[in-house]
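Since the model is a prediction, treat every value here as computed from it, not as a measurement.
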Amino acid sequence: MASNFHLPPVGFGPGSQPDEEEGLEYMHLPSGMRTYETHLPEVDDPSALSPALKTLADLATACEAAAKGGMARFDLSKLDQQNRALMAESLGQGEVAMKIRGIPALRVQEAVFAGVWAISGAGIDAVEVGPVPAAALSRAFEPYRAGLGADLARPAGVVNAPALLAELTDHSARYKGGAAHVINLTLLPHTEEDLDWLDRTLGEGAVTVLSRGYGNCRITATALSHVWRVQFFNSMDQLILDTFEVTSMPEVALAATEDLEDSATRIREVLEAIR
């Protein structure tokens, strides 16, 4: 009489397979996200710091206006050393930094309050309030290293770059604002020679942005209008996303409306604590 009991197939079930976990390698995802922490400067005599306190109050008001589309700039060069030190301590350093080449060369550091930008350069000590500093928009594509154009000789290994350049050039010429056009190099076949040829043909603009909010994001303007190279790195400094964006300014570098509204609230909280 045949039995209804069947043994499990050989090679299946728990313990039947070799432990291969040691041989698996996973790409590290971004970690170490920065978060806002309230910092309250120690002030012995607020009456001596009224210029800095007034400027902070004006910054809060400007943040509310910028959330509705406004921009504002404050000159800090007239503040004395004590008031300037309070401003520096109150603003701190946030996630985004920028380098703007040219004349004058500018260094931009976002404060811990999103949308509040400390700007320094030769004879310049200022704070701007807005989604992004005005100079980062107006000077972005001024050639720091001129692009050599599509007529540049194509060495061996250049395969897909000419088609990508044609697409970028077309969208650059037609861009009038609105949503960004994105080319995701991470998902497209390309060679190192392709990337090198594109870099030489597009050149480099005046603005470089580093955002350190979640891993690192490096944003570089090309010398072709509205074309940016946007690269995301994880916490191990491995490139995990590589794109070109055709836009006025990549969204990752912009302070959002909600950020600016939140900055107004936080600045006022600092002011109340100091007073």
Side-chain angles (χ1 to χ4, degrees), residues 30-44 46 49-77 79-100 106-121 124-137 207-219 232-233 235 249-275:
S31 63
M33 183 176 180
R34 293 172 174 240
T35 56
Y36 172 77
E37 295 181 5
T38 303
H39 174 71
L40 302 177
E42 296 182 7
V43 175
D44 296 326
L49 297 168
S50 56
L53 297 180
K54 181 182 183 306
T55 302
L56 286 171
D58 292 341
L59 285 176
T61 302
C63 285
E64 291 177 330
K68 300 174 183 177
M71 291 280 292
R73 183 181 176 98
F74 300 85
D75 183 6
L76 305 184
S77 63
L79 296 179
D80 62 27
Q81 184 175 359
Q82 187 179 14
N83 280 272
R84 186 63 186 86
L86 176 62
M87 288 296 301
E89 187 176 2
S90 300
L91 296 179
Q93 293 190 353
E95 299 175 353
V96 181
M98 300 183 184
K99 179 167 60 175
I100 303 177
L106 300 175
R107 178 181 178 183
V108 179
Q109 174 64 57
E110 189 180 34
V112 293
F113 311 108
V116 178
W117 309 90
I119 302 175
S120 58
I124 298 172
D125 183 9
V127 171
E128 283 192 23
V129 177
V132 69
L137 293 173
V207 174
T208 300
V209 183
L210 178 64
S211 175
R212 300 169 293 177
Y214 197 52
N216 284 333
C217 176
R218 184 179 179 87
I219 305 166
F232 291 86
F233 301 83
S235 55
M249 175 66 67
E251 188 174 356
V252 69
L254 298 172
T257 297
E258 296 80 4
D259 295 330
L260 288 158
E261 292 171 344
D262 190 49
S263 291
T265 301
R266 289 174 172 175
I267 292 172
R268 291 194 174 107
E269 289 174 353
V270 170
L271 273 172
E272 288 300 320
I274 292 175
R275 288 168 173 163

Exercise: identify the closest heavy-atom pair between [X] and [Y]:
X	Y	value
Ala60	Ile267	CB-CG2, 4.0 Å
Asn83	Ala52	OD1-N, 3.0 Å
Cys63	Ser263	SG-CB, 3.9 Å
Arg212	Gly94	NH2-O, 3.0 Å
Ala134	Met71	N-CE, 3.9 Å
Ala253	Ile219	CB-CD1, 3.9 Å

Exercise. Would you say the side chain of Val132 lies within less than 4.5 Å of the side chain of Val96, judging by non-hydrogen atoms?
Worked result: no
Exercise. Side-chain contact, heavy-atom cut-off 4.5 Å: Val129 with Phe113?
Worked result: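 Contact flag for Val129/Phe113 side chains = no.
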To the nearest 0.5 Å, what is the distance between [atom1] on [X] and [atom2] on [Y]?
X	Y	atom1	atom2	value
Leu76	Ser120	CG	OG	10.5 Å
Arg107	Met98	CZ	CE	13.5 Å
Arg268	Leu59	CZ	CG	10.5 Å
Glu95	Leu210	CD	CG	10.5 Å
Leu86	Leu79	CG	CG	9.5 Å
Leu56	Leu271	CG	CG	5.0 Å

Exercise. For the side chain of Glu110 and the backbone of Gly115, is there at least one donor-acceptor N/O pair under 3.5 Å apart?
Worked result: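 Yes, because the side chain of Glu110 sits within donor-acceptor range (under 3.5 Å) of the backbone of Gly115.
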Exercise. Tell me the salt bridge (Lys or Arg N to Asp or Glu O under 4.0 Å) pairs involving residues 249-263, sequence neighbours left out?
Worked result: Asp262-Arg266
Exercise. With Arg84, which residues qualify under side-chain hydrogen bond (donor to acceptor under 3.5 Å, both in side chains), at least two apart?
Worked result: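 Only Asp125 meet the side-chain hydrogen bond (donor to acceptor under 3.5 Å, both in side chains) criterion with Arg84.
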For this session: Take Ile274 and Leu49 through the side-chain contact (heavy atoms from CB on, under 4.5 Å) test and state the conclusion after the steps.
Result: CA-CA 10 Å; Ile274 292 175; Leu49 297 168; 5.9 Å; no
